[in-house]
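Bear in mind the structure is a predicted one, so any value in this text is a computation, not a measurement. When a ligand or atom number is given, it counts from 1 through the structure's own listing order.
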Amino acid sequence: MIQRLVLWFTLAGVLGTGVCSMADITPAYLRCEYGVNPLGIDATAPRLSWAAQSDQRGQVQSAYRILVASSPEKLGAETGDLWDSGKVESDASAHIVYAGKALESGMCCHWKVRLWDGEGWRSDWSEPASWTMGLLRPDDWQATWIGYDGPLEALRPGPASDRKVAKHPQALVLPPPRYLRTELQIDKPVRRGTVYATAMGLYELRVNGGRVGEDYFTPGWTDYDRRVCYQTYDVTHLLRQGDNAVGAILADGWYAGYVGHEHKRHHYGVHPRLLAQLHVEHADGSEKAFATGPSWRATVGPLLEADLLHGETYDARKEMPGWDEPGFDASAWHRVNITRAFQAQRCAYPGSPVRKFAEVRPVRMTEPTPKRFVFDLGRNIAGFARLKVTARGGTKVILRFSERLNPDGTLYTKNLRSVRATETYCCRGGGRVEVYEPRFTYHGFQYVEVAGLSERPGPDTVTGISVAAAAPAVGRFECSDETANILYDNICRTQRANYIEVPTDCPQRDERLGWTGDAQIFMRTAAWNTDIAAFVSKWLIDVADAQGAGGDYSDVAPRKVAMGRGVAAWADAGIICPWILYQVYGDRQVLEQHYPGMARFVEFCKRSAGDDLLRPDYGYGDWLSVSANTPKDVLATAYFAHSADLLSRIAQALGKEADATRYGKLFTDIKEAFNRAYVEPNGRIKGDTQTVYVLALAFDLLPEAKRSLAAEHLVGNIRARGDHLSTGTVGTRDLLPVLTAVGRLDMAYRLFHNDTFPSWGFCIRHGATSIWERWDGWTPERGFQDPRMNSFSHCTLGAVGDWMFRTVGGIDAAAPGFRQVLIRPRPGGRITWAKTRFCSIRGPIATDWRLTKDGLRLDTVIPANTTAVVHVPAVDPGKVLESGKPAEEALAVRFVRMEGGAAVYHVDSGTYRFLSKGWKPER
Ligand code: RAM
């Protein structure tokens, strides 16, 4: 593993080695705007968060005090010259809005916090944390957009070659990335160097021969017609007094390269441009800035092609040693081309950058055709391969990538559609080991074919490198059932492969778009696995940018790649996704920020629905369901109702009472229309598919009397299919939760454990190491499905992960942002134990249950400064013990009631060990 940000409070951490102050709580995990010590933010009232930790039961935070200082020394001396919040009586620990002196461009802010516990004892100060400000005013930028527009012939392939690409990806000719450089003199010792950089295209920045930062595909994808993000890097360690060189490689990326399934490039522009500015603070306090401008020089180099989808071509014989270091002779380089201005608004990158996640060593190598060696990484990832070779100069090594193999062992590439997915490396020779890794491309793959070598490659010729949004891992699920564990790993792997800059549909074929439907379906699952707050907050800006003038959210965001608008279950992501951020992180600001857009969307649905309040019949329906045709009008109306309902709740959360009532009424009206139009007196719903029942039950569209009737139809439908599901992209997520809610946990587990078609277990039995786009991606009877739509790395059917956390693991939020926790495991199926961990914004939550000969054991950890409702499955509350005592006598545990076969307790924070004597799951 190369780099894995795991900001996980281990249980040991929680139970801790004790606190060194009088108070029983300590602050930890300090974040600013969801980042740990972020650089270059542009929020002028950033939100600060921490988690209160304690090794004692029943601990709360009664007050806090935040200090923000302009230097570590001042902070150390307890001088909050920027802000001293004073002692604030509050249990709030997330999203505390900075309210100190005005923050200015480039400022370094150092902060810490101390807490008071429930008895009024004060904690020590936290470890110091920091953030820096980006460039806040347009005139902070002195840099000019630069690029190099020659050689021109390769830049204009025109429509003919685009069509050719679709048929013959190998015939593709792509323009070379540009190399740009300048030198600069720093005449005094350096205290701090900060670079602010962005591009229309993709850039890799280099200072004195070293790479700046660890991020890939910067500046990230936005609608470049409207906005472009810049990154901020600390380059102090790369600078020196005297001569310095700054270099950049500039590639097409989303701006000018291929993306989407229309075989098109130049979505935003033809000529990539770079904008960068270096601020140097000298040891004596003086400052100097250097920026991209006319004095830079440009050329093309060894990187001959670089396209996000199609791959790279690199000729090592054309390398220019020292090009990014001072003293290089660039006299043959060209003048740069300049663009004075772009319309795009410049903003600090608010997301989670793409970084390397792990190195994957091949598990085997085969030679299905002479001299074409196929390396199997053992798992389907997104990223690229590192090539390590020693060969004669001019040897062309060709790497091709695929997710699956043909029956003859060769790469199955048909499902990549027009994507070339090929790296070509031309060796320099000279007997040295040559190592090559691409920079501006990624593939979805498990297999790498190596061709062009005269000798049989060794096992370290190819190493897989997976990339993913660099976000802290926050969750983990493990249980007694091996297939469930593989499923969980596949969900996480597929999430990583698709949370690459935007939540994409797939990482391998010519698509990789931010499909809004896929995003809303999977997002709640994703939030159990990694901290997605920054990633999603950024993407919601793309969603807002893509919203039509009429209020219609689009079905892909960023939207430049022309697709539809207002599609049911896709467009609704504009409401569902901010709601998820509110539920998981308690983020009200994101609701406020997007509220006007959400309201415009519901008004749009209302207008298109007309008087009868049924959303019209269009869209993708329950995409890729199994021989079940969910009527589009039923699906669309159900989602319309759901969006109205959520908007009403959002209005409520924001204190907009009148709107809450209005949208609440709209929800009721749509429900009535839905029932009138689609629901028969016997509870049968138009279409009679599993998905129509699932949506009606999940979105609470039925009157009480019809809920159980509809549930019977749902179960009858499953039964009629030999206990199998038929749901697709839209219906699957809510299927097991609905079965659980209507009292058919047994059926939920049956579907969960199935391994015959269609089921998660079926895919796993046939070698799935990731989540497939469709249940029948491959079957023994017919082999691969239609290659026009057959990805093996699609998140949507992995949305069952949410049920695994909530129902098997039994962790849920009882109030937004886990201010109150719900612990409600529902043991069943063939699972005999489960361990579930989730580090919430308030701290770590854990459940650990096991069926033993004495009954059910349930250990749980509830973070300090929260409370929890714990449902302990039990026959009788008298049989429940906590840490060996009758539960009602235990410290910080209060029995509330019996409900649904469980004894319900209200508990304070801390660690609890319940035993429910004699309890067994119903089988
Ligand atoms: C496919 C995408 C995506 C889906 C749309 C409707 O092209 O892969 O998963 O949302 O179709």
Starting from the C-alpha separation in whole Å, work towards a yes-or-no answer on side-chain hydrogen bond (donor to acceptor under 3.5 Å, both in side chains) for Thr630 and Thr689. CA-CA 6 Å; Thr630 294; Thr689 61; 2.8 Å; yes

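- There is a side-chain donor-acceptor pair under 3.5 Å between Gln520 and Arg733.
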After noting the C-alpha distance and the side-chain angles of Ser759 and Asn754, does the key distance pass the side-chain hydrogen bond (donor to acceptor under 3.5 Å, both in side chains) rule? CA-CA 6 Å; Ser759 65; Asn754 267 348; 5.4 Å; no

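- For ligand 1, the protein residues placed under 4.0 Å by at least one non-hydrogen atom are Asp505, Arg509, Glu511, Trp515, Asp518, Trp570, Tyr620, Trp623, Glu773, Met789, His794.
- Checked options Tyr216, Phe401, Phe217; the residue passing with Tyr442 is Phe217 (criterion: ring-ring contact (aromatic ring centres under 6.0 Å, His included)).
- Each salt bridge (Lys or Arg N to Asp or Glu O under 4.0 Å) pair with one or both residues in residues 787-796, not counting sequence neighbours, appears once here: Asp786-Arg788.
- In this structure, Arg404 satisfies the cation-pi test against Phe792, with its NZ or CZ atom closer than 6.0 Å to the six-membered ring centre and inside 45 degrees of the ring normal.
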